[in-house]
Amino acid sequence: MQSQVASARATGVAVRFEGVTKRFSSANGSYTAVDDVTFDVPQGSFTTVVGPSGCGKSTLLNMTAGLTPCSAGSIEVFSEPLSGINRRAAYIFQQDALLPWKTVAGNVRLGLSLRGVDADEVRERSDEWLRRVGLSEFADCYPFQLSGGMRKRAAIAQSWIVDPDIMLMDEPFGALDVQTRRLMQAELLRVWSAARKTVVFVTHDLEEAIALADEVVVMSAGPASTVVGRYPVRLSRPRDLLDIRTDPGFVELYGSIWATLRDEVLRSYASGGTD
Ligand code: ADP
């Protein structure tokens, strides 16, 4: 059922990675971080990318954001070759980008104000987003007055308010405690299912990757990290993220993916590549 919903939603390809390779030059020569990565991210889908720490997940996301170019291969965004900054995408990092001197509302409004959107519309849309992420009562607070989970909710509103077609998320909940993290994952899925944006979400946490995704993409240990597995997640939506980990379908899929990921994590550990 869920896969039918997902495929109905996925009417095209939002991001196409074709032989994407990234080499960094160093004093000792060249280091290939990502090598020959090829896969499609369907429009409106939620794709998670997992792999051992240091394998190149952030590098792949940085290339998708257009922050750094591919050394070889190409990235297409809605069928257009990506060159320079990816204007169709917004990026959420582990460290949020809230400005400490602006209130929550000021931070949420920032993207629209910078785009010159009419002040009344900015207020209306930011009120709506603050409500959606449950922060209406905290609109006049400053980021330091918020808990970690509230900051994440503010960061989600700040990014999604500008209505990007693609949301790139790099371990956004990595710094949160387990309970807050699960609540935030549920919050994110709620926002995603209402907004129907394409999400590419990087994490080293396999449980998180499965719980959120339509498809989990597994990357190998570096150097020259590449895609070693792609796993569709056929768990029904909406998902109860607080209990999904005991769902037999979840447990089975976890076992299959872990069989692949485990080898990569051990390889990465043996080569000293993990953090
Ligand atoms: P992950 O996100 O999977 O933890 P990264 O994408 O951050 O991994 O890093 C992949 C590899 O590329 C690592 O070995 C890292 O040291 C290297 N790397 C990342 N960015 C740079 C850079 N700007 N210059 C040189 N090496 C880099």
Side-chain angles (χ1 to χ4, degrees), residues 15-39 41 46-75 77 82-86 89-97 152 155 159 166-176 181 184-185 188 198-213 215-231 257-258 260-275:
V15 185
R16 169 159 289 162
F17 299 98
E18 192 73 57
V20 170
T21 298
K22 182 69 187 183
R23 293 181 208 100
F24 293 109
S25 32
S26 68
N28 307 326
S30 165
Y31 177 83
T32 303
V34 174
D35 188 37
D36 196 16
V37 164
T38 297
F39 67 96
V41 178
F46 200 123
T47 299
T48 50
V49 180
V50 282
S53 292
C55 76
K57 303 181 294 298
S58 302
T59 301
L60 189 67
L61 221 49
N62 288 340
M63 288 189 280
T64 316
L67 299 176
T68 185
C70 308
S71 309
S74 65
I75 299 177
V77 177
L82 177 64
S83 72
I85 293 295
N86 183 348
Y91 205 158
I92 296 187
F93 303 90
Q94 185 166 342
Q95 252 74 45
D96 62 60
K152 282 294 158 198
S159 310
I166 303 167
M167 187 61 72
L168 306 173
M169 306 185 84
D170 191 355
E171 304 257 11
F173 308 141
L176 301 177
R181 193 174 172 137
M184 284 313 305
Q185 291 163 354
L188 173 63
T198 306
V199 177
V200 184
F201 186 108
V202 156
T203 178
H204 64 266
D205 177 349
L206 180 54
E207 286 193 353
E208 177 172 71
I210 298 170
L212 297 174
E215 181 175 61
V216 179
V217 175
V218 183
M219 290 184 70
S220 62
S225 178
T226 195
V227 174
V228 287
R230 294 177 59 187
Y231 297 84
I257 304 180
W258 180 240
T260 303
L261 184 56
R262 180 179 183 279
D263 290 346
E264 300 307 326
V265 170
L266 290 176
R267 242 169 23 93
S268 174
Y269 185 69
S271 67
T274 50
D275 293 337

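Order of appearance sets the numbers: ligands from 1, and atoms from 1 within every ligand. Quick note: residue numbers are just sequence positions, from 1. The model shown is predicted, which means the values in this text are computed figures rather than measured ones.
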Is there a donor in the side chain of [X] and an acceptor in the side chain of [Y], or the other way round, less than 3.5 Å apart?
| X | Y | result |
| --- | --- | --- |
| Asn62 | Tyr91 | yes |
| Thr68 | Lys22 | yes |
| Glu208 | Thr203 | yes |

Check each atom of ligand 1 against the heavy atoms of [X] and keep those under 4.0 Å away; list them by number with element.
| X | result |
| --- | --- |
| Ser53 | 4 (O) |
| Lys57 | 1 (P), 2 (O), 3 (O), 4 (O), 6 (O), 8 (O) |
| Thr59 | 5 (P), 6 (O), 9 (O), 10 (C), 19 (C) |

When you compare ligand 1 with Phe24, is there at least one nitrogen or oxygen pair between them that comes in under 3.5 angstrom?
no

Inter- and intrachain pairs under side chain to side chain donor-acceptor pair (under 3.5 Å), touching residues 218-231, at least two apart
Glu215-Arg230, Tyr231-Thr260

May I ask which of Pro52, Ser268, Gly54 has a heavy atom nearer to atom 13 (C) of ligand 1 than the others do?
Gly54

The one among Gly222, Gly56, Ser58, Ala221 that brings a heavy atom closest to atom 8 (O) of ligand 1
Gly56

Using 4.0 Å as the upper bound for N to carboxylate O, is an ion pair formed by Asp205 and Arg181?
yes

Over all atoms of both residues, closest heavy-atom pair of Ala90 and Ser159
CB-O, 4.1 Å

Which one holds for Ala33 and ligand 1: side chain close, backbone close, both close, or neither close, with close meaning a heavy atom under 4.0 Å?
side chain

